[in-house]
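To start, the structure itself, in structure tokens.
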Amino acid sequence: MPLKIMSIIIAMDFDDSKKAIDFLALFKEPVIAKIGMELFYKSGPDIVEKIKKLGHQIFIDLKLCDIPNTVYSAMKVIGSYGADIVNLHAFGGIKMMKEAKRGLVEGSTGKVAKLIAVTQLTSSDPEMIKNELLIDTPLNECILQYAKNAKLAGLDGVVCSPLEVRIIKEAIGEDFLTLTPGIRYPEAGADDQFRITTPEMAGKLKTDYIVVGRPITRAENPIASYQKINKDYLGGKNES
Ligand code: C5P
């Protein structure tokens with residue numbers, strides 16, 4: 001099944017597979033489930049197959065960043081899992097991203113997953129980037145450059161904040177995918193996120209996917225929270 005644009009990706013940040021599977025059992029419809037480092041390292045690749053069998057689509061979020069040859073080999077393995085989306089850090093450079101794509105294509109037995117590059121983490125703020133990482137280029141410029149590098153390397157899109165979606169799509173094209181975490185309501189805390197927007201604002205900025213974790217997984221009623229976020233993201237429409 002092709003991935004539906006303007007969808008929520010649920011960040012399944014659980015510390016074991018039972019919790020993840022029990023959580024997904026709450027949903028009557030298929031969702032896009034993001035398997036991040038915590039769940040993947042704890043449960044191993046089997047968790048991908050288990051969640052796929054339940055009918056859900058999968059984003060494997062392992063954010064690879066290493067020398068090109070290592071990333072090529074690792075992506076070859078990841079390609080064999082049959083996920084719908086996989087990612088890496090743009091910080092590794094164009095050569096690394098090209099090798100990642102080559103590995104992913106070679107390792108895939110069926111359709112090739114969308115390959116997405118993380119630009120700057122949505123938890124990073126401009127002060128940290130300037131003072132700790134010694135990057136003096138304004139954040140938006142830096143993120144746009146990483147996105148252009150990803151496009152040059154043949155990737156399908158980037159992970160960024162909704163605040164950066166317009167500048168990226170206007171420069172690279174509307175069909176260059178944006179996946180955007182950092183989704184919060186003003187009344188809820190930001191947790192460790194920094195460059196945040198509401199679901200409604202993310203929808204107005206026309207991001208392709210919003211990645212939402214704690215506001216759904218830690219909600220008292222995760223289904224109600226998922227539906228509210230989805231409705232607000234879609235501009236008040238009830239579509240699920
Ligand atoms: O709980 P919360 O909604 O903050 O979860 C956001 C998810 O998106 C986490 O799983 C985090 O690893 C991921 N992510 C992010 N910022 C990025 C890339 C991924 O927050 N730039």
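Index from 1, following the sequence. As the structure lists them, so they are numbered: ligands from 1, and atoms in each ligand from 1.
The shortest separation from a heavy atom of V212 to ligand 1 is under 4.0 Å, placing the residue in contact. Residue contacts with ligand 1: P215 is included, with a non-hydrogen atom under 4.0 Å away.
Of all protein heavy atoms, the one closest to atom 9 (C) of ligand 1 is D13 OD2, 3.5 Å. Closest to atom 16 (N) of ligand 1, if we only count protein heavy atoms, is T122 OG1, 2.8 Å. For atom 3 (O) of ligand 1, the nearest protein heavy atom (residue, atom name, distance) is G213 N, 2.8 Å. Residue, atom and distance of the protein heavy atom nearest to atom 12 (O) of ligand 1 are K63 NZ, 3.5 Å. Taking atom 20 (O) of ligand 1 as the reference point, the nearest protein heavy-atom neighbour is Q193 NE2, 2.8 Å. Protein heavy atom nearest atom 11 (C) of ligand 1, with residue, atom name and distance: K34 NZ, 4.0 Å. Closest to atom 14 (N) of ligand 1 among all protein heavy atoms lies P181 CG, 3.7 Å.
Salt-bridge check for D46 with K50: failed, with every basic side-chain N at 4.0 Å or more from each acidic carboxylate O. Ion pair E200/K204 flagged as a salt bridge, since at least one NZ, NE, NH1 or NH2 atom sits closer than 4.0 Å to an Asp/Glu carboxylate oxygen. Salt-bridge formation is not detected for the pair D15/K42: no Lys NZ or Arg NE/NH1/NH2 atom is positioned less than 4.0 Å from an Asp or Glu carboxylate oxygen.
To the nearest 0.5 Å, the span separating CE on M37 from CG on D13 amounts to 10.0 Å.
Of the residues V212, T217, I229, the one that meets the side chain to side chain contact (heavy atoms under 4.5 Å, CB included) test with I10 is T217.
Near A11, the atoms of ligand 1 lying under 4.0 angstrom from a non-hydrogen atom of the residue are 7 (C), 10 (O). Proximity to L121 (heavy-atom distance under 4.0 Å) selects the following atoms of ligand 1: 17 (C), 21 (N). The distance from ligand 1 to the heavy atoms of R214 drops below 4.0 Å at these ligand atoms: 1 (O), 2 (P), 3 (O), 4 (O). Listed by number with element, the atoms of ligand 1 under 4.0 Å from a non-hydrogen atom of R184 are 1 (O), 2 (P), 3 (O), 4 (O). Using a 4.0 Å cut-off to heavy atoms of V159, the atoms of ligand 1 that qualify are 17 (C), 18 (C), 21 (N).
When atom types are taken as modelled, the side chain of N87 and the backbone of L62 share a donor-acceptor pair closer than 3.5 angstrom. With hydrogens and angles disregarded, a donor-acceptor distance shorter than 3.5 Å links the side chain of K169 to the backbone of F176. The backbone N or O of R195 sits less than 3.5 Å from a side-chain atom of S161, completing a donor-acceptor pair.
Using cut-offs of 30° and 60° on the angle between ring planes, the pair Y226 and F27 is perpendicular.
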